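The structure presented is a predicted model; accordingly, all values stated were derived computationally and were not measured.
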Amino acid sequence: VVEEDPRTDGGQVLKFAAVAGAAAALAACGGGGDDDGAAPFVPVLDFSTAGYNHLQAGTDAEAARFLQQAQFSSTRAEISAVRSDGFAMWLARQFQQPHRVSGWAWLQGRGYGANDNNRYYFNTYPADFMIWAQLLSGPEMMRKRCAFALSEFFVTSMTSAEFTWRSHAYASWWDMLMRNAFGNFRQLLEDVTLHPAMGWFLNTKGNQKENPATGRVPDENYAREVMQLFTI
């Protein structure tokens, strides 16, 4: 929704609340929430573009550069959309996009959840297939670009995960990052901390508090990463 800003001479205010409401309604009616029942965080933003001089892509090259930073591709159709909508409205439309097919649902839809002779519960390659499918398809590419960036900060590994159904665990991890891609940092850090994949990777699983009587000290592996990597 674009409105004239009475405070400026022809400036535009982008009212993101209506866009966010549409996305929230989609999530509430099953239009793209994750399989754990939690709907993706929907930003409610209201900011003015008044005072900004570079609101439109002047050339196809400028639009393509913007797209390559905001997502993974810059097709002719996408370049045309950016030039037509302008940067701010294009971003507004991307914030509206819900997560349509979760990584977990993708695995289940292709039979990787079957407990049969294929022994998928021991294998990690379905997770590789899942993440490539996520990054190469779907309209919600800015959300996926953000989740991919978060995955490079909040790192986990299937190599050290000594449990079955590892691909599903990391599909759940990816879905958690997708859900928090446009969210707030406090909720993201809590969800990262409590996720089983992180519990295995940085030793929070079974980690006990200190006991001066026995000399036990807690494993500080995760605490160190929170201070050195996750929050800085």
Side-chain angles (χ1 to χ4, degrees), residues 16 19-20 23 27 32-36 38-45 47 57 62-75 78-79 81-82 87-107 124 127-161 167 169-202 222 224-232:
F16 281 68
V19 172
D34 293 321
D35 289 87
D36 58 7
F41 179 91
V42 179
V44 178
L45 307 174
F47 60 87
E62 288 183 2
R65 180 176 182 271
F66 171 82
L67 285 164
Q68 291 296 141
Q69 293 174 326
Q71 52 177 27
F72 299 103
S73 63
S74 52
T75 66
E78 291 167 340
I79 290 171
V82 168
F87 296 132
M89 182 53 71
W90 186 91
L91 289 170
R93 298 187 194 282
Q94 291 301 307
F95 280 124
Q96 182 185 9
Q97 295 287 345
H99 184 23
R100 285 175 168 77
V101 180
S102 68
W104 184 286
W106 190 92
L107 289 176
T124 60
D128 293 329
F129 296 165
M130 177 277 300
I131 196 63
W132 280 113
Q134 288 281 301
L135 297 180
L136 291 174
S137 63
E140 64 273 43
M141 282 301 170
M142 192 174 79
R143 180 183 292 275
K144 291 178 179 178
R145 179 66 182 260
C146 290
F148 180 71
L150 290 175
S151 76
E152 295 182 310
F153 285 92
F154 298 94
V155 179
T156 54
S157 172
M158 284 188 290
T159 303
S160 59
S167 290
Y170 286 88
S172 172
W173 176 261
W174 169 255
D175 293 339
M176 180 271 296
L177 296 179
M178 285 285 285
R179 186 172 65 249
N180 285 284
F182 300 148
N184 65 77
F185 185 76
R186 172 62 178 79
Q187 187 62 55
L188 170 66
L189 190 60
E190 178 177 338
D191 290 351
V192 164
T193 302
L194 299 179
H195 199 282
M198 182 58 74
W200 278 94
F201 184 56
L202 290 181
Y222 181 73
R224 182 191 67 248
E225 294 295 351
V226 168
M227 293 187 290
Q228 290 184 341
L229 176 63
F230 296 164
T231 59
I232 295 179

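Closest approach of A181 to A147, counting heavy atoms only: CB-N, 4.2 Å. The heavy-atom pair separating G103 from D175 by the smallest distance is N-OD1, 2.7 Å. Here the shortest heavy-atom pairing between T156 and M198 reads CG2-CE, 3.7 Å. For the residue pair A127 and S167, the shortest heavy atom distance occurs at N-OG, 3.2 Å. Nearest heavy atom pair, residue A171 against residue L107, reads CB-CD1, 3.6 Å. The two residues S74 and Q68 come nearest to each other via the heavy atoms OG-OE1, 2.8 Å.
Here CZ of R100 is found 6.0 Å from CD of E140. Values are rounded to the nearest 0.5 Å. S73 contributes atom OG, which lies 11.5 Å from atom CG of L135 (distance to the nearest 0.5 angstrom). In this structure, S102 OG and M176 CE are separated by 13.5 Å, a value rounded to the nearest 0.5 Å. For the atom pair CD1 (I79) and CZ (F66), the distance works out to 12.5 Å, reported to the nearest 0.5 Å. From Q97, atom CD reaches atom CZ of R143 across 9.0 Å, with rounding to the nearest 0.5 Å. Remark: H99 NE2 to K144 NZ distance equals 6.5 Å, nearest 0.5 Å.
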Problem set entry | Full working for ring-ring contact (aromatic ring centres under 6.0 Å, His included) between F153 and F230 | CA-CA 6 Å; F153 285 92; F230 296 164; 9.0 Å; no
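Using a 4.5 Å heavy-atom threshold, the side chains of T231 and F185 count as touching. Contact annotation: the side chain of R179 approaches that of D191 to within less than 4.5 Å [non-hydrogen atoms, C-beta and beyond].
For E78 and Q71, the side-chain atoms include at least one donor-acceptor pair closer than 3.5 Å. Under the 3.5 Å distance criterion, with hydrogens and angles disregarded, no donor-acceptor pair is assigned to the side chains of T124 and Y170. Donor-acceptor pairing under 3.5 Å is recorded for the side chains of W174 and Q134.
Counting non-hydrogen atoms of neighbouring residues, nucleotides and ligands closer than 6.0 angstrom, the CZ atom of R224 exceeds 12 such neighbours.
Between F95 and F182, the angle of the ring planes goes over 60°, which puts this pair in the perpendicular group of the 30/60° scheme. Below 30°, between 30° and 60°, or above 60°: for W173 and H195 the angle between ring planes is above 60°, a perpendicular geometry. Under the 30°/60° scheme for interplanar angles, the aromatic rings of F72 and F148 are found to stand perpendicular.
A donor-acceptor contact shorter than 3.5 Å links the side chain of N184 to the backbone of Q187.
Screening V155, L188, V192 against L150 for a side-chain contact (heavy atoms from CB on, under 4.5 Å) leaves a single residue, L188.
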